[in-house]
Amino acid sequence: MEQNNMEQNNRRNFLKKGALFGTTLITTSTFGIAGCTNSSNNVNANPGNPPKPQKSNTRTLGTGKHGISVSALGLGCMGMSYHRSFIPDKKAMIDLLRKSPELGLNFYDTAEAYGPLINEELLGEAVAPFRQDIIIATKFGFKNGKPAAGLDSSPTRIRTVVEHALKSLKTDYIDLLYQHRVDPNVPIEDVAGTVKDLIAEGKVKHFGMSEASVDNIRKAHAVQPLTALQSEYSLFTRQPEQDVIKLCEELGIGFVPYSPLSRGMITGYLNERSKYDPKNDNRTTLPRYQPENVIANWKLIDLLKEFGDHRGLTVAQVALAWLLAQKPFIVPIPGTTKWAHLQENLSAADYAFSHEELSNLTLQLNQITINGDRLAGYSAEQTHK
């Protein structure tokens with residue numbers, strides 16, 4: 001596709017310029033990206049060298065003693081070892097992770113299920129030199145850490161997962177522990193109570209849930225206040241706007257969108273000819289990634305490209321900046337295995353929409369209908385419970 005090749009060339013040309021100009025995309029706006037502040041980050045990815053102060057846009061997940069300060073965007077680490085067709089060289093991923101604080105990043109997301117287990121081990125090894133300076137989120141919720149095997153959030157299983165995670169992550173505490181998926185066989189009050197006990201023991205600092213319903217969020221929050229809810233949210237998947245984001249605002253819970261670029265589709269980097277390894281990629285089974293739906297949904301990519309071309313932004317940056325502009329407590333965690341893409345993603349936090357820009361773009365986005373369900377099979381069955 002000639003248009004897709006042009007998009008990829010524009011994306012790469014922007015990154016070359018971005019390497020020279022750094023984070024200079026900040027614009028003046030009374031609307032802007034609310035809730036972001038500048039702070040110094042003294043994380044040093046290379047032990048033995050002096051810390052390098054860095055400026056970073058920051059946000060807060062949760063409130064009061066249940067709140068944590070994180071970079072405006074985090075890093076989803078799953079694809080570094082799991083579910084994205086190829087598995088990158090381990091050393092390359094460790095190098096990327098150790099260098100990442102230079103960009104102001106301090107929020108890293110992993111899970112027992114990613115691998116299973118090996119993603120936690122990779123992250124733990126990489127961030128050991130500066131572990132005290134960052135926020136690590138991991139998750140429990142599946143039998144033997146395998147989503148296809150079914151759900152298990154029994155108190156005993158939660159404790160087993162936490163002990164293994166502490167060992168894999170080479171740490172003595174977990175900053176943010178999510179229930180990966182709600183287990184209908186275990187009362188949510190028991191789950192929240194178990195995490196509350198782990199917090200009292202110092203093994204966990206904060207509690208979160210993922211893909212949970214309004215009812216279960218309320219029940220869990222009453223036992224142990226949540227710091228964050230993680231759910232899929234992107235310009236392809238806007239259902240959370242209807243209920244859970246409103247609830248997060250009401251209860252003072254942070255919202256963490258996973259797959260904010262829809263597993264790479266909202267970048268122009270993939271197209272209807274993209275191939276995925278069925279042995280290590282769930283996109284082969286997801287309706288939205290089938291060729292006919294990719295073609296039908298490309299009008300969203302065209303819209304974002306048109307907006308970005310006039311402002312020196314890539315498609316991915318426009319999509320991420322739009323998410324950030326929705327609420328000050330939203331912290332997307334796009335995943336990547338490439339340093340250039342990490343720079344690109346994090347730079348999205350530097351762009352502030354004018355009120356008119358955001359209103360006009362949102363109006364156009366609202367007129368686009370997305371084709372294809374976001375999930376299928378057991379993945380669909382396990383969400384929003």
Side-chain angles (χ1 to χ4, degrees), residues 61-68 109 111-113 137-143 145-162 165 174-200 204-234 237-260 326-327 329-333 373-385:
L61 297 173
T63 53
K65 68 178 183 179
H66 307 293
I68 50 176
D109 183 271
E112 175 202 34
T138 192
K139 312 175 190 74
F140 66 85
F142 299 112
K143 294 179 181 178
K146 300 177 180 179
L151 301 165
D152 187 353
S153 283
S154 62
T156 299
R157 178 62 188 166
I158 295 172
R159 287 187 168 275
T160 298
V161 172
V162 166
I174 295 167
D175 296 284
L176 178 57
L177 181 66
Y178 292 105
Q179 182 185 32
H180 210 152
R181 295 290 184 269
V182 172
D183 184 348
N185 297 316
V186 180
I188 196 63
E189 294 86 352
D190 292 351
V191 174
T194 301
V195 176
K196 183 175 184 177
D197 291 342
L198 289 164
I199 291 173
V204 172
K205 291 188 176 294
H206 302 284
F207 177 38
M209 299 179 73
S210 180
E211 292 286 2
S213 67
V214 165
D215 185 49
N216 276 320
I217 293 168
R218 286 191 182 278
K219 290 178 181 178
H221 190 72
V223 176
Q224 172 57 48
L226 272 72
T227 291
L229 173 71
Q230 182 178 133
S231 292
E232 184 172 353
Y233 180 44
S234 73
T237 302
R238 294 178 58 183
Q239 288 88 340
E241 296 171 0
Q242 300 172 14
D243 49 17
V244 292
I245 292 179
K246 295 176 182 177
L247 181 64
C248 286
E249 187 165 32
E250 174 192 336
L251 299 179
I253 300 170
F255 187 78
V256 178
Y258 75 82
S259 294
Q326 301 311 299
K327 297 291 180 181
F329 54 83
I330 289 178
V331 179
I333 51 168
D373 293 335
R374 71 179 178 107
L375 296 172
Y378 68 82
S379 294
E381 295 171 0
Q382 293 173 347
T383 60
H384 208 63
K385 299 295 185 180

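Start at 1 with the first residue, then count along the sequence.
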Measuring only between side-chain heavy atoms, which start at C-beta, is Phe140 closer than 4.5 Å to Val195?
yes
Counting C-beta onward and ignoring hydrogens, is there a side-chain heavy-atom pair between Val256 and Leu229 closer than 4.5 Å?
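A side-chain contact under 4.5 Å is absent here.
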Any residue meeting salt bridge (charged side-chain N to carboxylate O under 4.0 Å, His left out) with Asp175, in chain and number order, not counting sequence neighbours:
Arg131
Interatomic spacing from CD1 in Ile199 to CD1 in Ile174 - rounded to 0.5 Å:
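So the gap between those two atoms works out to 10.5 Å.
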Nearest 0.5 Å, please: how far is OH in Tyr233 from CD1 in Ile245?
4.0 Å
Exercise: identify the closest heavy-atom pair between [X] and [Y]:
{"X": "Ala165", "Y": "Thr138", "answer": "CB-CG2, 4.3 Å"}
{"X": "His66", "Y": "His206", "answer": "O-ND1, 3.5 Å"}
{"X": "Val182", "Y": "Pro184", "answer": "O-CD, 3.4 Å"}
{"X": "Ala192", "Y": "Ala220", "answer": "CB-O, 3.7 Å"}
{"X": "Leu176", "Y": "Ala228", "answer": "CD2-CB, 4.1 Å"}
{"X": "Ser231", "Y": "Ala212", "answer": "OG-N, 4.4 Å"}

Is there a donor-acceptor pair closer than 3.5 Å between any side-chain N or O of Glu189 and the backbone N or O of Lys219?
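Pair absent, no side-chain N/O of Glu189 close to backbone of Lys219.
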Thr227 side-chain N/O to Gly208 backbone N/O, donor-acceptor pair under 3.5 Å:
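Such a contact is absent between Thr227 side chain and Gly208 backbone.
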For residues 155-162, which side-chain donor-acceptor pairs fall under 3.5 Å, sequence neighbours excluded?
{"from": "Arg157", "atom 1": "NE", "to": "Phe142", "atom 2": "O", "distance (Å)": "3.4"}
{"from": "Arg157", "atom 1": "NH2", "to": "Glu112", "atom 2": "OE2", "distance (Å)": "2.4"}
{"from": "Arg159", "atom 1": "NH1", "to": "Glu201", "atom 2": "OE1", "distance (Å)": "3.2"}
{"from": "Arg159", "atom 1": "NH2", "to": "Glu201", "atom 2": "OE2", "distance (Å)": "2.7"}
{"from": "Thr160", "atom 1": "OG1", "to": "Thr156", "atom 2": "O", "distance (Å)": "3.0"}

Pair Ile188-Met209, side chain to side chain contact (heavy atoms under 4.5 Å, CB included): steps then yes or no:
CA-CA 10 Å; Ile188 196 63; Met209 299 179 73; 3.5 Å; yes
